[in-house]
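Predicted model only: the values in this text are computed from it and were never measured.
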Amino acid sequence: MKIQNVSRKSLGIFLCVFCIMLFFEAARLNPLLEREGATYPIFQKTKDFLEYVGVKTKLYTLSDFLHEEFANVAEHSIFSENQNISPKVIAFFRGTEKQQHENINTVLQANKENLQEKVINQQEQLADNIQKNTSTIANTTNTQNSIAELKEQKEQVENNVTTQEQAKPLEEQNSNAVVAETYSFNNNNYPFQAGLVSKAQNQESLDQYAVRMPDFGKKKTVLIIGDSMMMEGLGPTLHHRLKNFDNLEVYREGKYSSGLSRPDFFDWPTNLVAMLEKYNPDLLVMSMGANDTQDIVINKKRYFIDTKEWADIYLQRSKDFIALADNGKRHILWVSLPVMGKEPYFTRTKLISKLQLEASKTVKNASFVNIEHLLTDEKGKYTTFYKDKNNKSIRLRSQDLIHVSNDGGEILTTYVMPKVNSHINSLYAEEMGNIYPPVAGMANHVVFTSNLRQKQVEYMIWLPETEKKLAKEPQAPLDTPKVLAEQLDNKRYPVLYLLHGAYGSAEDWNPQIGKKLQEIATKKKVIIVAPSCEPFGWYVDSPLVKENQIASFLIKELIPHIDTLYPTNKRRAIAGLSMGGHGALLTGFKNHTMFQSMASISGVLDIREHKNQWKIKNLLGELSPMVEKIDKKPQVSAKDENIKQDSSSNTQNLISEEELEKQAETRKLWDNNAVYALIGVKWPATSPRQIIIVTGDKDTLVLEENRKAKDLLYKRGFKFDYREEQGIHDWNFWKIHIPATLEKQADYLNSLK
């Protein structure tokens with residue numbers, strides 16, 4: 001019995017100490033809750049227990065303090081949307097700002113009233129004690145000390161009342177506070193505005209922070225027009241340069257010897273209308289005027305060059321021409337004429353460029369770029385040749401001292417391109433508005449338009465965390481690459497592409513291993529990109545589903561999009577789980593020059609083994625057994641007539657030549673998209689240099705085909721890393737081995753020169 005009593009007392013003491021630690025060390029709960037794998041339900045029960053103790057003991061101050069601690073975690077954790085937080089907590093802290101203030105004020109008012117009632121009772125009790133003690137010990141030497149001690153206790157209680165009375169609604173508390181103009185960060189670098197609960201801290205603000213990027217997937221049309229200056233030299237080189245942009249459709253139209261002075265030879269206004277109707281360009285780039293250094297004839301009246309009347313007529317024609325091109329939305333870039341080698345020809349072309357500049361000012365979305373200072377010598381005069389770094393003479397101009405060579409066109413194009421890019425980015429800015437760029441040190445959700453998939457697509461991206469702070473104002477899309485480069489210390493990083501499994505999307509990663517992915521991005525100095533590629537997209541180009549062009553989307557749209565917006569160094573790895581493991585190896589084998597590493601975790605490495613599973617046949621067609629070709633009308637002999645009824649199994653294999661060809665095409669399509677089949681035809685020299693395959697030793701879904709792939713890789717002479725680890729086909733396995741695999745890939749990419 002004595003032992004039992006001691007045990008009970010020990011347990012009671014332990015619980016008391018534990019509760020005291022929770023009360024007075026509550027601040028330690030915050031980092032604990034933010035750790036990877038923290039489960040909210042147990043902490044929610046702890047919080048409820050603490051509130052219950054607070055009600056019973058009337059320790060409201062401590063209870064409020066802990067309440068705020070949980071509020072901070074619930075409000076700022078990047079995983080808050082995916083945790084099992086109590087609905088009451090969500091309702092309390094995820095309301096509007098006004099509702100939050102009302103809820104908090106209600107709590108404060110209730111605490112104030114309860115504490116006031118408590119203090120009144122304590123005051124009455126203390127008054128009785130003072131009176132009793134005064135009469136009892138008035139004759140002792142300690143009387144004065146006892147009375148002073150009791151009065152001191154009374155003052156402490158009264159001070160508590162005064163402190164609570166000073167607690168006012170948050171609106172009043174913040175009325176004189178200075179609102180922070182810059183964004184600060186907590187330990188996980190998640191953005192929130194400094195100070196107390198504010199508009200920037202609620203979910204709406206966090207959603208606004210993980211924002212949409214400029215939609216470079218939505219293509220813009222550029223039309224280049226002009227006279228001989230756009231037909232050779234500048235025009236071809238500019239056309240070629242812009243064609244390399246995946247977000248642009250580029251066309252070029254022109255007419256030799258044409259201009260605005262001789263509409264009888266070529267009527268540019270009439271032809272411009274036809275061109276605009278045909279191409280409907282978002283950006284019009286034009287240059288003309290080299291043939292306009294001649295008199296203008298109107299109604300048989302001649303207006304001589306170098307006169308004011310001629311200049312007035314040409315200016316009006318230029319204004320009318322650019323106004324014809326303007327539709328309120330279209331951007332226009334007018335390029336001047338280069339320096340000429342003849343006089344007075346050059347003086348006249350300078351006047352023409354000056355008039356064109358004045359005309360371009362009359363249109364809102366038009367700009368003029370002057371290139372007269374280019375293609376000149378050290379003194380700024382016309383030159384036909386220039387010396388390169390190796391002291392080799394390079395021809396800039398043609399023998400006629402007017403037209404530009406291809407090398408000269410490259411120089412002009414390099415100068416004009418920033419203006420062209422500025423207009424293109426402005427076009428996107430007008431659609432998207434001012435937005436924040438993705439933030440280094442946190443998961444960012446980005447949306448852009450895919451032409452191949454014919455819809456808006458999304459991806460998650462984790463950028464390395466740096467010491468840079470965010471700008472206090474949103475940045476226009478024009479500055480997005482610049483802002484990101486500055487935020488990432490103007491360095492360039494490798495990219496890890498991470499592919500989700502069946503039934504999934506880009507949103508799968510954040511609640512499971514999002515925090516770990518951020519740690520890898522920061523520690524290994526890499527960018528991690530996880531696109532959404534349909535729950536059953538299988539990372540293939542489907543001939544049956546027009547929108548399911550995932551393979552081309554990854555290579556032709558997503559990677560150029562990432563390389564355009566983010567500071568990448570063109571070193572890439574690709575990895576995935578389950579369906580994504582299939583996609584990673586399939587994409588890596590087919591595009592070995594784009595990826596230096598590929599990895600599969602629990603990957604489906606032979607889709608032919610799953611021809612009736614996971615909707616693969618919806619994309620590639622029905623995979624039938626191999627059959628032999630027969631005649632369309634097979635002959636049945638009399639000898640076989642008596643067994644005709646028993647030949648049903650054979651007639652099932654009877655197939656026409658057309659059907660056989662169709663099935664052969666379908667089988668070829670399956671073979672071209674089966675990793676195991678690719679291993680059989682690929683050579684080590686035509687695959688990424690690093691190959692990693694990881695699978696669970698009890699994964700009944702894909703274990704056998706992974707083993708088959710391992711044997712074939714070995715037989716074919718590939719260098720690869722194959723591991724069977726303890727586990728099955730689930731997140732318990734993937735949470736361990738996906739981060740480990742990504743770290744290996746990051747190390748490999750960083751080791752490359």
Side-chain angles (χ1 to χ4, degrees), residues 222-245 248 250-261 266 268 283-294 305-306 314 318 332-357 360 367-424:
V222 180
L223 175 61
I224 302 171
I225 64 169
D227 54 18
S228 56
M229 301 305 295
M230 282 304 193
M231 299 304 293
E232 55 187 76
L234 173 61
T237 55
L238 180 62
H239 189 184
H240 177 74
R241 193 84 63 89
L242 292 176
K243 282 181 67 176
N244 292 328
F245 287 74
L248 298 179
V250 188
Y251 304 95
R252 184 162 54 98
E253 294 275 7
K255 178 70 175 177
Y256 280 93
S257 304
S258 65
L260 299 179
S261 294
F266 187 80
W268 261 111
L283 172 62
L284 179 67
V285 183
M286 56 188 185
S287 180
M288 62 180 66
N291 304 293
D292 287 335
T293 57
Q294 56 183 301
I305 188 74
D306 301 329
Y314 192 86
S318 298
I332 304 169
L333 178 61
W334 202 328
V335 183
S336 78
L337 296 171
V339 62
M340 301 297 180
K342 296 180 180 180
E343 286 290 0
Y345 187 67
F346 178 45
T347 301
R348 291 171 176 172
T349 57
K350 286 182 68 175
L351 173 62
I352 288 173
S353 294
K354 182 179 179 180
L355 296 173
Q356 292 173 350
L357 168 62
S360 65
S367 64
F368 188 85
V369 55
N370 195 321
I371 59 174
E372 289 176 358
H373 62 288
L374 303 174
L375 310 185
T376 58
D377 58 17
E378 296 178 354
K379 297 181 180 180
K381 295 184 179 180
Y382 173 92
T383 182
T384 303
F385 297 92
Y386 88 104
K387 301 286 187 180
D388 63 5
K389 295 180 179 179
N390 299 322
N391 203 32
K392 181 181 178 181
S393 293
I394 305 296
R395 174 177 284 276
L396 301 177
R397 308 298 289 265
S398 301
Q399 294 181 353
D400 59 7
L401 307 183
I402 296 175
H403 293 94
V404 179
S405 68
N406 288 335
D407 291 314
E410 290 289 348
I411 294 174
L412 297 181
T413 297
T414 301
Y415 184 80
V416 171
M417 275 301 297
K419 273 286 187 182
V420 176
N421 287 331
S422 177
H423 277 285
I424 293 172

Using atom types as modelled and distance alone, determine if a side-chain donor or acceptor of [X] lies under 3.5 Å from a backbone N or O of [Y].
X      : Y      : value
Thr414 : Glu410 : yes
Asp407 : Leu396 : no
Ser287 : Val335 : yes
Asp400 : Ile402 : yes
Ser360 : Ser367 : no
Thr237 : Gly409 : yes
Asp292 : Leu260 : yes

**OP:** Go through the steps for Met229 and Leu234 under the test side chain to side chain contact (heavy atoms under 4.5 Å, CB included), then give the verdict.
**Re:** CA-CA 6 Å; Met229 301 305 295; Leu234 173 61; 5.9 Å; no
Subject >> Leu357 side chain near Ser336 side chain, heavy-atom distance below 4.5 Å >> reply: no
Subject >> Note, Arg397 side chain near Val404 side chain (heavy atom, < 4.5 Å) >> reply: yes
Could you tell me which non-hydrogen atom of [X] sits nearest to which non-hydrogen atom of [Y], and how far apart they are?
X      : Y      : answer
Leu283 : Leu333 : CD1-N, 4.4 Å
Phe385 : Ser393 : CD2-CB, 4.4 Å
Gln356 : Tyr314 : NE2-OH, 3.4 Å
Lys255 : Ser258 : O-OG, 2.7 Å

Look up atom [atom1] in [X] and atom [atom2] in [Y], then write down how far apart they are to the nearest 0.5 Å.
X      : Y      : atom1 : atom2 : result
Arg348 : Met340 : CZ    : CE    : 13.5 Å
Ile411 : Ser405 : CD1   : OG    : 7.5 Å
Glu253 : Met286 : CD    : CE    : 15.0 Å
Asn370 : Leu337 : CG    : CG    : 9.5 Å
Arg241 : Asn421 : CZ    : CG    : 10.0 Å
Ile352 : Thr293 : CD1   : OG1   : 5.5 Å

**OP:** Begin from the C-alpha positions of Phe368 and Ser353 and carry the test side chain to side chain contact (heavy atoms under 4.5 Å, CB included) through to its verdict.
**Re:** CA-CA 9 Å; Phe368 188 85; Ser353 294; 4.2 Å; yes
Original post:
Should Met417 and Leu238 be marked as a side chain to side chain contact (heavy atoms under 4.5 Å, CB included) after you check the CA-CA gap, both sets of side-chain angles, and the distance that decides it?
Top reply: CA-CA 8 Å; Met417 275 301 297; Leu238 180 62; 3.8 Å; yes
Original post:
Is the distance between the ring centroids of Tyr256 and His403 under 6.0 Å?
Top reply: no
**OP:** For Val285 and Met230, run side chain to side chain contact (heavy atoms under 4.5 Å, CB included): C-alpha distance rounded to whole Å, both residues' side-chain angles, the deciding distance at 0.1 Å, then the answer.
**Re:** CA-CA 10 Å; Val285 183; Met230 282 304 193; 4.0 Å; yes
Original post:
Looking just at side-chain N and O atoms, do Tyr382 and Glu343 make a donor-acceptor pair shorter than 3.5 Å?
Top reply: no
Subject >> More than 12 heavy atoms of other groups within 6.0 Å of His239 NE2 >> reply: yes
Original post:
What class does the angle between the rings of His373 and Tyr415 fall in, given that below 30° is parallel, 30 to 60° is tilted and above 60° is perpendicular?
Top reply: perpendicular
